[in-house]
Amino acid sequence: MKEKILNALTEAVNELLGSSCDEIKLSLTVPKDNSHGDFSSNAAMIIAKKIGKSPRDTATVIVNSLNEKISNIASCEIAGPGFINFKLSGDAGAQIFLQLFNTGEKIGLSNTGNGKRVNIEYVSANPTGPLSVGHGRNAAVGDVIANLYKAVGYDVTREYYFNDAGNQMTVLANSVRTRYLQLLGVEVELDENAYQGEYIIDIAQAIKNEHSDFLKDTDELNIFKKYAVDAMFDMIKVSLKKMCVEHDVYFNERSLYDDGKIEETLQKIDKLGLSYKKDDAIWFKAMQFGAEKDRVLVKSTGEPTYRLPDIAYHVDKFKRNYDLIVDIFGADHQAQYPDVIACLKAMDLDEKKVKVVIYQFVTIVKDGEAVKMSTRKANYITLDELMDDVGVDATRYFFVMRRLGSHLEFDIELARKHSLDNPVFYVQYAHARISSIFRHCAEKKPDICLDKIDAENINPALLTEQEEIDLISHVAQFKDTISIAAKTCEPHRLTGYLEKIAELFHRYYNLHHVVVDDDEVTKARLALVILTQRVIKNGLEILGVNAPEKM
RNA sequence: GCGCCCAUAGCUCAAUUGGAUAGAGUGCUUGGCUACGGACCAGGAGGUUUGGGGUUCGAAUCCCUAUGGGCGUACCA
């Protein structure tokens, strides 16, 4: 329906301009105020200048030409400064309703991605400790974005990139060894910048249990390192599983060295004339790409910095032939990707395929106060503790409900609450309530079988209440909401949408009964709430949140 | 100093990416259960969108500028 109107509109504008208007983006949106019709376009205001007329005059011309084209579907009129508002006519609304109903369980899903391959890298925490709430936002955002892409027909790969070598691992291994020695009664102090969490002691204890004091005098750090890494990854994977996050690929940075990809990338950069030697180190000419100074790729010790493997890693992703590469980073990583992008571009790779999603930090609010956090010190709330406290549903939901650019205040008390001010429960409650209508209906009117309600035997013309019309009109926007959320990588659009749907439903529920004396009206209304429930269910599924039948 | 992000109701946040009268929740306040689940709903008050300029038919949104915050700014990852 929308397509038809948009086509007609495009055609009308083309006729007026005498040429194609491809480069102009005509919008056809659903206005928030329904007195402005079912659809609205700004076409006249955009092209008014080009043809040298006032917006309203332009609109008049467009409307005249449009009326012939779409007289059977909709009427249009001019409003405000030159908006063209469309009002669907006759049974167009009913047709839309039936169409939506016929899409069945899959409502909202589409295939606009057409099987294109997208790689989404998220979490990517190195195995140095339990996942923090910061990782939690990363995990939830990445996972929901992955689900969104899947919902619009992409072939999605979920990837976790990690590094279990280097300086941080040595610090970790040393921390474990110190704790181990302490357990054996040796008087040693924990180094100042060592990892101080309780979990280090647990690992040390495990080593002691297995090896007794045989490792007391060894200088070999590797055994401590291996123990620590394995233990950390176990912890991390348990947390992620609890959160219903599962990656398809775990990509170890070290493999880039083993496969010679680091060397290969370095040579390529050199060949392009983008690197030089100075003070025994190899530098990347980042200034050519707007950076304030050049960056080191390989230290004078011969060791690469993090930058080089990052570049090699992205080159590898390109080789794996993805149409889209999405990186989910916290704000503390925002400085590192421009170099990578610049380098990819220089290598003649299409850097537009890389989409870097940066989210701002999380503040945990407990008892009305912000909880300060530090990874090295032990005084932080882990993701596990958070999930145990407020539940997985609330955890996931809260992490994605804000725009990524804004800081997220995670209010633990609010997340725990089972009442309307907690948006998760508000939405879930709407879903459960609809199930309860079905239960009630089965009891009251056993003749009406839910499974037998289909487009053939319902009459949408009976849905005339304002609350019903509002609900239908919002349900109709589900698909667009998902595709916009996917395209922009903005999961909060979906939570906002679901809250709106839930609100419209609760209002409807309070004012009108679904199961009434008249069987025909009952069936039409049942169809509407079935549709509503499907929308909520699919929406929650994308968020990775349960849609309960009872609460 | 420089770079990126941010500033919207007392508080936490939206605003279909430049659209029409800036909306929700919370808090304050008034009302609604003989009802498919009151874990709900309806109403009221609350705003110069941090200040100041600019761009245009039209700005919370884009540009400049001032102020205030977050994160970066390593031959750490």
Could you state the atom-to-atom distance from [atom1] of [X] to [atom2] of [N] in whole Å?
X	N	atom1	atom2	result
A:Ile47	B:G19	CD1	P	18 Å
A:Gln336	B:C5	CD	P	17 Å
A:Asp332	B:U73	CG	P	9 Å
A:Tyr359	B:C6	OH	C1'	17 Å
A:Ile530	B:C36	CD1	P	20 Å
A:Asn167	B:A77	CG	C1'	9 Å
A:Lys293	B:C2	NZ	P	16 Å
A:Tyr337	B:G3	OH	P	15 Å

Checklist line | Aromatic-base stack, A:Phe361 on B:G70, cutoff 5.5 Å, angle under 30 | finding: no
Margin query: When you compare the ring of A:His36 with the six-membered ring of B:A20's base, are the centres less than 5.5 Å apart and the planes under 30° from each other?
Written below: yes
Has the side chain of [X] got a donor or acceptor atom sitting under 3.5 Å from an opposite partner on the base of [N]?
X	N	result
A:Arg295	B:U73	no
A:Ser40	B:A20	yes
A:Asn85	B:A20	yes

Report the base-pairing partner of [N] (Watson-Crick or G-U wobble, both distances below 3.5 angstrom), or none.
N	answer
B:A20	none
B:U67	B:A7
B:G1	B:U73
B:A42	B:U30
B:U55	none

Give the nucleotide from the list [options] with an atom nearest to the side chain of [X].
X	options	result
A:Asn163	B:A77, B:C41, B:G1	B:A77
A:Val515	B:G1, B:U12, B:C36	B:C36
A:His407	B:G69, B:A20, B:U17	B:G69
A:Val514	B:G32, B:C36, B:U16	B:C36
A:Gln360	B:G70, B:C75, B:C13	B:G70

Under a 4.0 Å N-O cut-off, is there an ion pair linking [X] with [Y]?
X	Y	value
A:Arg295	A:Asp339	yes
A:Glu121	A:Lys317	yes
A:Asp480	A:Lys2	yes
A:Arg507	A:Glu503	yes
A:Asp389	A:Arg416	yes

Next item on the list: Classify the angle between the aromatic ring planes of A:Tyr161 and A:Tyr313 as parallel (below 30°), tilted (30 to 60°) or perpendicular (above 60°).
Entry: parallel
Next item on the list: Assign the ring pair A:Trp283 / A:Tyr276 to parallel, tilted or perpendicular, where the plane angle (0 to 90°) is split at 30° and 60°.
Entry: parallel
Does [N] have its OP1 or OP2 closer than 4.0 Å to a side-chain nitrogen or oxygen of [X]?
X	N	answer
A:Lys299	B:A74	no
A:Tyr508	B:C41	no
A:Arg403	B:A14	yes
A:His492	B:A15	yes
A:Arg307	B:A77	no
A:Ser406	B:A14	yes
A:Arg507	B:A42	yes
A:Tyr426	B:U26	no
A:Lys32	B:A20	yes

Margin query: Pick the closest RNA chain B nucleotide for A:Glu490 and for A:His333 by heavy atoms, then say which residue is nearer the 5' end.
Written below: A:Glu490
Notebook entry, point to check: If each of A:Lys417 and A:Pro304 is mapped to the nucleotide of RNA chain B with the nearest heavy atom, which maps nearer the 5' terminus, i.e. the 5' end?
Noted result: A:Lys417
Using a 4.0 Å heavy-atom cut-off across all strands, classify [X] as base, sugar-phosphate, or nothing.
X	answer
A:Phe438	nothing
A:Ala48	nothing
A:Gln334	base
A:Asp279	base
A:Gly166	nothing
A:His506	sugar-phosphate
A:Val30	base
A:Lys550	base
A:Pro81	base
A:Ser300	base
A:Met551	base
A:His474	nothing

Between [M] and [N], how far apart are the [atom1] atoms? Round to whole Å, please.
N	M	atom1	result
B:U26	B:U67	P	39 Å
B:A14	B:U49	C1'	13 Å
B:U21	B:U8	P	23 Å
B:G69	B:U30	C1'	39 Å

Check: side-chain contact (heavy atoms from CB on, under 4.5 Å) with A:Leu540: which of A:Leu498, A:Leu494, A:Thr495, A:Asp393?
Finding: A:Leu498
Notebook entry, point to check: If you draw the axis of the six-membered ring of A:Phe284, does the NZ or CZ of A:Arg307 fall within 45° of it and under 6.0 Å from the ring centre?
Noted result: no
Notebook entry, point to check: Is it the case that more than 12 heavy atoms not belonging to A:Asp517 sit under 6.0 Å from its CG atom?
Noted result: no
